[in-house]
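Scroll down for the structure; my scribbles are underneath it.
Just so we're clear, the structure is a prediction, and the values are computed from it rather than from any experiment.
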Amino acid sequence: MKAPKPLVEIVATGRWLPERVLTNADLERMVDTSDEWIRERTGIRERRIASAEIGAADMGAEAARIAMERAGVQPGEVDLIVVATATPDRLLPATACEVQARLGASNAAAFDVSAACSGFLYALAVVEGYIATGRADIALVVATEKMSAITDWTDRSTCVLFGDGAGAVVVRRSTNGRGILSHYMRSDGTLADLLWRPGGGARVPFDQVVLDERLHYVKMAGREVFKAAVRSMAEAADQALLRAGLTSGDIDLFIPHQANIRIIEATAKYANLPMEKVYVNVDRYGNMSSATLPVALDEALEEGRLKPGSNVLMVAFGAGFTWASTVLRW
């Protein structure tokens, strides 16, 4: 199968991470856990935690400003802002509108995409459609997460996993043969209660019971989520490669969702990709939900692991369940 011609491309990336570092040693003083236990099971050594006065919109706007500056794009030139987040600053309005206001991008339409850890790839697919059909020329995809705000810091099974941060990309029509070659997206809502926040929404509104029972925090059935994540990400990798007309041997860099080193290694094995081709930063940031992929993409570019013409495979899995993959030529 011949590789399709890219219609849109990522022309610049940016990331923003909080200054505060929460180490495994710090967590040892908070809950009954140990550095060895955390590293052995997750590969995480530390994560970033945003201060109380910083929200998802603040982090997302900072990452977007960096990407826009690198792309040479002014706020008034942006036609569309799509924000992926599982941790909106508030339920109304969309975080994207608050990002728009901070950027001064008054000509842009702005809305959120909610697909948990898969959100960045879902948002990227949405933006591709708008640009490919001529409804936008320049778009921002922003993934921003304050996971610390929905983490139960008394639950040792989940509080060791998450961190805060944001990543952003500027997307426009491809003119040079580089860009997005394929997308693949799936979901399975029948498994939603394996990874969710049971309370605090419209179905179970926030009240004293929700607060007392800590239902507004993330709950996860770890073993079941692990199995579903590996299976789904392997499927997504296969489908994205098939649609791009490529094989695993054609991939120069694999950027998987940074949830757990064991999931990353298992997914790479199923995808027949050696670990030297896999980008890993979960040890430094933990799971930043939708922000993991754009942050990793920005770091890989900064480190010289992305060259013009490189084939990149990105794969994610998250609550919903949702899973997605994208192949692009850098």
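Note on ring orientation: taking the six-membered ring where Trp is involved, the planes of Phe111 and Tyr130 are tilted (angle from 30° to 60°).
With Gln258 contributing its side chain and Ala291 its backbone, the two residues share no donor-acceptor pair below 3.5 Å. Of the possible donor and acceptor atoms, none in the side chain of Thr267 sits under 3.5 Å from a partner among the backbone N and O of Met233. Using a distance-only test at 3.5 Å, with no hydrogens or angles considered, no donor-acceptor pair links the side chain of Asp283 to the main chain of Gly43. Between the side chain of Trp153 and the backbone N or O of Ser148 there is at least one donor-acceptor pair closer than 3.5 Å. Between the side chain of Arg172 and the backbone N or O of Asp137 there is no donor-acceptor pair closer than 3.5 Å. Judged by distance alone, the side chain of Asp112 and the main-chain N or O of Thr95 form a donor-acceptor pair under 3.5 Å. Remark: the backbone N or O of Asp250 is paired with a side-chain donor or acceptor of Asn311 at under 3.5 angstrom. Distance alone, capped at 3.5 Å, places no donor-acceptor pair between the Ser310 side chain and the Leu306 backbone.
Among Asn24, Val160, Ile44, the one residue that satisfies the side-chain contact (heavy atoms from CB on, under 4.5 Å) test with Asp35 is Asn24. Shown are Val327, Val126, Leu124; of these, the side-chain contact (heavy atoms from CB on, under 4.5 Å) with His183 is made only by Leu124.
Counting non-hydrogen atoms of other residues, nucleotides and ligands closer than 6.0 Å to CG of Asn272 gives a total of 12 or fewer. Residue-environment remark: CD (Glu19) stays at or below the threshold of 12 foreign heavy atoms within 6.0 Å. The environment of Arg135 atom CZ is sparse: at most 12 non-hydrogen atoms of other residues, nucleotides or ligands sit within 6.0 angstrom. Around atom OH of Tyr270, no more than 12 heavy atoms belonging to other residues, nucleotides or ligands sit under 6.0 Å away. By the neighbour-count criterion of 12 heavy atoms within 6.0 Å, atom CD of Glu69 is sparsely surrounded, having that number or fewer from other residues, nucleotides or ligands.
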Kindly indicate, with the supporting measurements, whether the criterion side chain to side chain contact (heavy atoms under 4.5 Å, CB included) is fulfilled by Met147 and Asn287. CA-CA 8 Å; Met147 294 300 295; Asn287 183 349; 5.9 Å; no
Please evaluate residues Thr87 and Phe162 with respect to the criterion side chain to side chain contact (heavy atoms under 4.5 Å, CB included), reporting the C-alpha separation (whole Å), side-chain torsions for both, the decisive distance (0.1 Å), and the verdict. CA-CA 12 Å; Thr87 57; Phe162 300 109; over 6 Å; no
Report the C-alpha separation of Glu299 and Arg284 in whole Å, then their side-chain angles, then the decisive distance to 0.1 Å, and conclude whether the salt bridge (Lys or Arg N to Asp or Glu O under 4.0 Å) test is met. CA-CA 12 Å; Glu299 287 194 332; Arg284 293 179 283 120; 3.0 Å; yes
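Under the 4.5 Å side-chain criterion, counting only non-hydrogen atoms from C-beta, Arg102 is in contact with Asp58. The closest side-chain heavy-atom distance from Val82 to Tyr122 is not below 4.5 Å. Residues Met68 and Pro75 meet the side-chain proximity criterion, which asks for heavy atoms closer than 4.5 Å.
Ile81 and Ile138 end up in the same hydrophobic cluster when Ile, Leu, Val, Met, Phe, Trp and Tyr side chains are linked at under 4.5 Å.
Atom NE2 of His257 is separated from atom OG of Ser118 by 7.5 Å, given to the nearest 0.5 angstrom.
Salt bridge status for Arg70 with Asp298: present, with a side-chain N to carboxylate O gap under 4.0 Å. Between Glu265 and Arg262 there is no salt bridge, since no side-chain N of the basic residue sits under 4.0 Å from a carboxylate O of the acidic one.
For the residue pair Ser51/Glu53, the side-chain donor-acceptor check at 3.5 Å is satisfied. Side-chain N/O atoms of Glu28 and Thr33 include no donor and acceptor closer than 3.5 Å.
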